[in-house]
Protein chains: 2
Amino acid sequence: MDRDSVVASLLRRLETVSKLDPADIAAIRSLPIAVRHWAGARAIVSDGERPSECCLIIEGFCIRSKSTEAGQRQILSIHIPGDIPDLQSLHLHRMDHDLSTLVPSTLGFISHASLRTLTHARPNVADALWRDTLIDAAIFREWIVNVGQRPAPARLVHIALELRRRLLSVRGGTEPATFEFPLTQEQIGEALGITPVHANRIIRQLREDGIVDVSRGQVHVLDETRLAELAQFDDRYLHQDPAA
Amino acid sequence: MDRDSVVASLLRRLETVSKLDPADIAAIRSLPIAVRHWAGARAIVSDGERPSECCLIIEGFCIRSKSTEAGQRQILSIHIPGDIPDLQSLHLHRMDHDLSTLVPSTLGFISHASLRTLTHARPNVADALWRDTLIDAAIFREWIVNVGQRPAPARLVHIALELRRRLLSVRGGTEPATFEFPLTQEQIGEALGITPVHANRIIRQLREDGIVDVSRGQVHVLDETRLAELAQFDDRYLHQDPAA
DNA sequence: CGTTCATTTGAGTGCCGTCAATATAAGTGG
DNA sequence: CCACTTATATTGACGGCACTCAAATGAACG
């Protein structure tokens, strides 16, 4: 895999979210990145570890999650190509959650050392990456609202619409009626804070109602209008416009 | 109010969380800060606004919250002296949630311009503040787990123990059996994702069981052992040790 | 073609929500 | 300082969303 396509999605993403000048872009392009392939459903970094590098998703999907002592798991976020899901480890040295792949993925590892050199040399890039971690936090805030306030069907369609919107800033184009959503029903339950049994019932209900069909790792939108009404999805919290 | 006591809690907090050298500390001390008093239960910045300054809590308590279109409110975090709850606005220009006081408070406002000058001149300070926002995000992650996975009584004691632990890094000393918790039962409900009626029942149950007494804006620990067992509180996610 | 994992469905239970009323505390003006 | 107003806390009755336990079906994979 050539260097350009490795950083392409990262740059596309940083540029939709921040303003960078050519020198910044060149500096990011010249970061040393170690590309490795990862099987699906495998840990990348685990709770308690002290990683010395950050992980750029080049291809595939990842999730972050935390497990309680009672043995329950909560999925905290879903990550797509262009994301650096453990960028926080640059300053938070011990992991407080798990990061793992959802499907077979191509990952690029960037050492903390080289990132630190870059951010200290170029405050502009530091700001862009900082901003990236702040958007990450904004998504967590919305996730809290989702789990805390919305009824289960609305929770599901909300995270689905969030994922669709975020995929746009990498893939480009217009909102598709069908898109990847590579979670099992058990994982959907872990993301929404419900049991897999209940997740199944909600999915069936949404399908029977002709709103969305969530199956085989994909979402098929059946009725865009009623879906929007149910999800109450407002993308402002994604902060995708650097000017705003 | 003299300058030293204004920044004292901020410095104490940044130093428990990051390593700063004397020049960094001097630079932070010389930040222009406008001190203002605020009544209780008043908005500081609201969803949709574009603030040009950040707010340091000098005295008092604040919360961040988001409201859904359905009119429900979710409290996202509780803030104490030394916190800069809207530090994210430095890079995320449009607010995606509300920040308001819980009780009458003394606030210090620091312009984005002076913060940006400081962070660009001193990468060390930038890293410390960046780290601060990352801890903020780590707390959000734990909050998601709390709301998504724990039963309501455990949720309540978990946020109470988190607040107690965080108060320690400002106030110093050892874990007190009684501490401030200035939330009404309605606000407790909004923080936990339950109704105020149910919040009341849980509080009563915890009191009757002799575990904790949450009343009149205070928490009284009745049985430290059973409390710890119920809350499953592990402070690792607060990242209070700069070395770790 | 058997093993394993994911999905689906049923029956019964319980946590938590809604609606409603009352009590208590806190604050305000006369 | 008391009457009045309002916010907060408390309690009861009832309903429903979501959980547990359990089993069956379907899909994927070596």
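Naming: A, B, ... by sequence-line order, numbering from 1 per chain.
For the pair B:Q149 CD and D:dC19 C1', the interatomic distance rounds to 13 Å; values are reported in whole Å. Rounding to whole angstrom units, CD of residue A:E186 and P of D:dC19 are separated by 13 Å.
When each of D:dT8, D:dA18, C:dA6 is scored by its nearest atom to the side-chain atoms of A:T184, the top-ranked nucleotide is C:dA6.
Using a 4.0 Å cut-off on heavy atoms, the residues of residues 201-220 of chain B that approach DNA chain D are B:R201, B:R204, B:R207, listed by number. If you check residues 191-200 of chain B against DNA chain C, the residues with a heavy atom closer than 4.0 Å are B:G193, B:I194, B:T195, B:V197, B:H198, listed by number.
Annotation: side chain of B:L76 is in contact with side chain of B:H97 (closest heavy-atom distance under 4.5 Å). Contact check for B:I159 versus B:W143: side-chain heavy atoms found under the 4.5 Å cut-off.
We find that B:D47 and A:R236 are joined by a salt bridge, their nearest charged nitrogen and carboxylate oxygen being less than 4.0 Å apart. Between B:E142 and B:R165 there is no salt bridge, since none of the side-chain N atoms of the basic residue sits less than 4.0 Å from a carboxylate O of the acidic one. Taking 4.0 Å as the cut-off between side-chain N and carboxylate O, A:R64 and A:D83 do not count as a salt-bridged pair.
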Checklist entry - Step by step, would you call A:I188 with A:V214 a side chain to side chain contact (heavy atoms under 4.5 Å, CB included)? => result CA-CA 10 Å; A:I188 291 172; A:V214 179; 4.1 Å; yes
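Within a 6.0 Å sphere centred on CZ of B:R216, other residues, nucleotides and ligands contribute 12 heavy atoms or fewer.
The aromatic rings of B:H158 and B:F233 sit perpendicular to each other, their planes meeting at more than 60°, with 30° as the lower class boundary.
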